[in-house]
Amino acid sequence: MTAELPTETIVTGKPPARRGANPFRKPAMSILRHAVLILLALLMLYPVIWMVVSSLRPNELIFREPGIVLDSFEISNYTEGWNALSYPFNVYLLNSAIVVLGCVVGNLVSCSMAAYAFARLEFSGKKFWFAIMLLSIMLPIHVIIVPQYIMFSQIGWVNTFLPLIVPKLLATDAFFVFLMVQFIRGIPRELDEAARIDGAGHPRIFLQVILPLMTPALATAAIFTFIWTWNDFFSQLIFLTRPEMYTVPLALAAFQDAQSATNYAQMFAMSVVSLVPIFLIFLFGQRFLIKGIATTGIK
């Protein structure tokens, strides 16, 4: 005896729909999930929205009306806040840009070279030094900031950008070294061997073979370095004490005056201005960031 298949299965090639199944269940669940995600996104973005709204309010109404509904627009908070400190705010933006650019270039050059050495070269004590490098990730900056300050003070580097930039040229950010090592290990060694057959040494293999393939990892390191350096307050507060050397975080802190009333409206206005570079960097580098994290195994 042969079992007869349902007509619907023979004609369409699909199993018959389960009786009693609700056709609106999947769309309803999808709408519910998206609604929950949108609600969570709004909750996370609420502080930023409140700061933007507060930057357009009179100073005396910021904490009196804590909502996000605007009754009036005070654009003067931006113009007055730009010149409220000892120097125009563009001076502090330029200082931050110099520090960030130096740190990004330093990390990309030094960390990529160190990662290539750990991933491709063979030398004595390789595993030991790699373990030491990973252990350095656990050291908080507060442990090393005092010895650094003493050393940089003795050579006259305090109140310059050198203490913030020069360490990046020595591959001191072990997180980026580890990230790039994981990425290079995923590149087939056959490419190295083919280049070596053509007469290429390690410098040429690194520059012409490995480095062009490291774009996602390099972009990830550049974005993280930019964000962390732009928002860094503690180390910049230690090494930069003159107002003309202030970066953006130090300038924003200078709006708070313990002797007189703090103008929060102007401070929020300049905070919004300082968020624009981070937003643009993350917006244009998002796909590289996701690809770099996904391909290096840092999940």
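This one's a predicted model, so the numbers in the text were calculated from it and none came from an experiment.
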Taking it one step at a time, do V99 and W230 satisfy side-chain contact (heavy atoms from CB on, under 4.5 Å)? CA-CA 8 Å; V99 174; W230 188 269; over 6 Å; no
Ring geometry between Y116 and H202 (parallel below 30°, tilted from 30 to 60°, perpendicular above 60°): perpendicular
Would you please classify the geometry between the F175 ring and the F224 ring as parallel, tilted or perpendicular, with 30° and 60° separating the classes?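 Rings of F224 and F175: perpendicular, as their planes differ by over 60°.
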Do other residues, nucleotides or ligands put more than 12 heavy atoms under 6.0 Å from W228 CH2?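 More than 12 within 6.0 Å, yes.
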Heavy-atom side-chain contact between [X] and [Y] under 4.5 Å:
X	Y	result
P88	V91	yes
T247	Y92	no
V109	L169	no
F234	H142	yes
N77	M270	no
L162	F152	no

Pairwise distance [atom1]([X]) to [atom2]([Y]) - rounded to 0.5 angstrom:
X	Y	atom1	atom2	result
L164	D232	CG	CG	7.0 Å
F176	T220	CZ	OG1	9.0 Å
F89	Y78	CZ	OH	11.5 Å

Would you please test E60 and R64 for salt bridge (Lys or Arg N to Asp or Glu O under 4.0 Å) and show each step? CA-CA 7 Å; E60 61 275 6; R64 193 179 303 172; over 6 Å; no
How close do A171 and A114 get, counting heavy atoms only, and between which atoms? CB-CB, 4.1 Å
Check: P243 main-chain N/O paired with S86 side-chain donor or acceptor under 3.5 Å: no
Sequence neighbours excluded - ring pair (Phe, Tyr, Trp, His ring centres under 6.0 Å) pairs with any residue from residues 28-72: W50-F268, F63-Y264
Between L135 and F118, is there shared hydrophobic-cluster membership here, with clusters defined by ILVMFWY side-chain heavy atoms closer than 4.5 Å?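 Cluster IDs for L135 and F118 match.
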Given R33 and S30, is the side-chain contact (heavy atoms from CB on, under 4.5 Å) satisfied, shown in steps? CA-CA 5 Å; R33 280 196 301 268; S30 178; 4.1 Å; yes
